[in-house]
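Residue numbers start from 1 in every chain, and the chains themselves are labelled A, B, ... in the order their sequence lines are given, proteins ahead of strands.
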2 protein chains.
Amino acid sequence: MKKEAVLNSNQHCQTRIRAISDAMEVLSGKWKFHILGTLTRGDKLRFMDLLREVEGIGTKMLSKELQDLEMNHLISRTVLNTKPVTVEYEITEFGKSLIPIIDEIAKWGIAYRAFIYGKTD
Amino acid sequence: MKKEAVLNSNQHCQTRIRAISDAMEVLSGKWKFHILGTLTRGDKLRFMDLLREVEGIGTKMLSKELQDLEMNHLISRTVLNTKPVTVEYEITEFGKSLIPIIDEIAKWGIAYRAFIYGKTD
DNA sequence: CTCATTAGTTTCCTAAATGAAACTACTTTC
DNA sequence: GAAAGTAGTTTCATTTAGGAAACTAATGAG
């Protein structure tokens with residue numbers, strides 16, 4: 001008789017596993033947390049502001065990541081009727097529900113570095 | 001005069017940003033949270049157990065991810081002196097420090113699905 | 001001697017992520 | 001009219017992630 005999964009087979013675990021997959025799909029990538037973190041620090045940032053704040057990102061990735069985040073309702077995009085058009089990006093209320101995750105990850109990253117290198121800074 | 005980053009330039013933010021990068025480097029990928037989550041449910045699982053429990057993973061990815069996790073001190077690997085050798089994987093104490101992150105992500109994933117599809121299940 | 005089991009490794013391949021640089025399009029300033 | 005600033009898009013290339021299938025190596029059962 002063939003052995004099957006036992007630990008992960010119950011409904012509660014399946015729901016959890018799917019939830020983790022869902023979340024990772026939305027949040028994976030090199031830049032999402034940095035963009036979201038920046039938007040939690042200063043609300044209403046323009047494209048060029050974000051390009052300056054998020055160190056290392058290029059226009060293509062920033063543009064693509066902003067689109068992804070907007071599609072997933074985590075940020076909003078507002079075109080302003082200014083002389084050269086400006087666009088404001090802002091974290092949504094739903095996007096703010098990610099703050100606990102971002103905080104936990106930042107906290108853990110600091111603990112990890114301390115554990116590996118034996119220093120807090 | 002050229003504009004520079006202001007929001008993310010202070011020391012506190014830089015530390016946070018580096019922490020998030022560190023954490024993401026260790027935790028990114030399709031399988032790490034699923035493997036770790038499984039190891040939190042049942043401690044001391046063997047390679048074939050994990051292969052069965054983590055639905056969809058293949059031997060190559062499982063082997064590679066287990067090596068990564070072990071290198072980062074999140075799990076331990078113990079070779080047992082049995083007839084066909086068996087290997088036990090277990091989450092470390094330090095690895096358990098990830099439980100709050102995994103819980104937050106699972107919780108958020110459920111909320112995300114509810115927000116998008118309007119249902120809890 | 002053959003088959004099954006354990007724990008992987010190796011090879012080959014495709015798809016996705018990321019990046020640098022150039023380009024578009026519009027407006028204002030000099 | 002040229003330069004600079006807005007917000008991107010497009011092209012081309014490289015790197016990384018992920019996966020299927022075959023293979024290794026050791027042991028034990030029949």
Exercise. Given side chains that start at C-beta, do those of A:Ile102 and B:Arg16 come closer than 4.5 Å, heavy atoms only?
Worked result: yes
Going by atom type alone, with no hydrogens or angles, which donor-acceptor pairs under 3.5 Å involve a side-chain atom of residues 52-59 of chain B and a protein atom two or more places apart or on another chain?
| residue | atom | partner | partner atom | Å |
| --- | --- | --- | --- | --- |
| B:Arg52 | NH2 | B:Asp49 | OD1 | 3.0 |
| B:Glu53 | OE1 | A:Leu7 | N | 3.1 |
| B:Glu53 | OE1 | A:Asn8 | N | 2.8 |
| B:Glu53 | OE2 | A:Val6 | N | 2.6 |
| B:Glu53 | OE2 | A:Leu7 | N | 3.0 |

Problem set entry | Distance-only donor-acceptor check, side chains B:Ser21 and B:Glu25, under 3.5 Å | no
Exercise. Think B:Ser63 has a side-chain N or O under 4.0 angstrom from the OP1 or OP2 of C:dT9?
Worked result: yes
For this session: Find the distance B:Ile75:CD1 to C:dA7:P and express it as a whole number of Å.
Result: 13 Å
Exercise. Atom CG of A:Leu51 to atom C1' of C:dA20: distance rounded to whole Å?
Worked result: 13 Å
Exercise. Looking at residues at least two apart in the chain, or sitting in another chain, which of them share a salt bridge (charged side-chain N to carboxylate O under 4.0 Å, His left out) with B:Lys44?
Worked result: none
Problem set entry | Interatomic distance, A:Arg77 CZ vs D:dG8 C1' [rounded to whole Å] | 9 Å
For this session: Starting from P on C:dC26, measure out to CG on A:Asn81 and report it in whole angstrom.
Result: 15 Å
Problem set entry | N/O donor-acceptor pair, side chain B:Thr82 with base C:dT6, under 3.5 angstrom | no
For this session: Taking only the side-chain nitrogens and oxygens of B:Gln67, find out if one of them lies under 4.0 Å from OP1 or OP2 of C:dT9.
Result: yes
Exercise. Atom CD1 of A:Ile57 and atom P of C:dA17: how far apart are they, to the nearest Å?
Worked result: 14 Å
Exercise. Has the side chain of B:Lys83 got a donor or acceptor that lies under 3.5 Å from a partner of the other kind on the base of D:dG28?
Worked result: no
Problem set entry | First of B:Lys64 and A:Lys64 reached from the 5' end of DNA chain C, by closest nucleotide | B:Lys64
Problem set entry | Most 5' of A:Pro84 and A:Lys60 on DNA chain D, judged by nearest nucleotide | A:Pro84
For this session: Grab the CE-P distance between B:Met48 and D:dA26 for me, whole Å please.
Result: 19 Å
Exercise. What are the two closest non-hydrogen atoms of B:Trp31 and B:Glu65, and how far apart are they?
Worked result: CB-OE2, 3.9 Å
For this session: Taking only heavy atoms on the protein side, list every residue of residues 19-45 of chain A lying under 4.0 Å from any atom of DNA chain D, sorted numerically.
Result: none
Problem set entry | Sidechain N-carboxylate O distance under 4.0 Å for A:Lys107, A:Asp103 | no
Exercise. Taking side chain as C-beta onward, heavy atoms only, is B:Leu74 less than 4.5 Å from B:Val26?
Worked result: yes
For this session: State whether B:Tyr89 places a side-chain N or O below 4.0 Å from either non-bridging phosphate oxygen (OP1 or OP2) of C:dG8.
Result: yes
For this session: Give B:Thr86 one of three labels, base, sugar-phosphate or nothing, depending on what nucleic acid heavy atoms sit under 4.0 Å from its own.
Result: sugar-phosphate
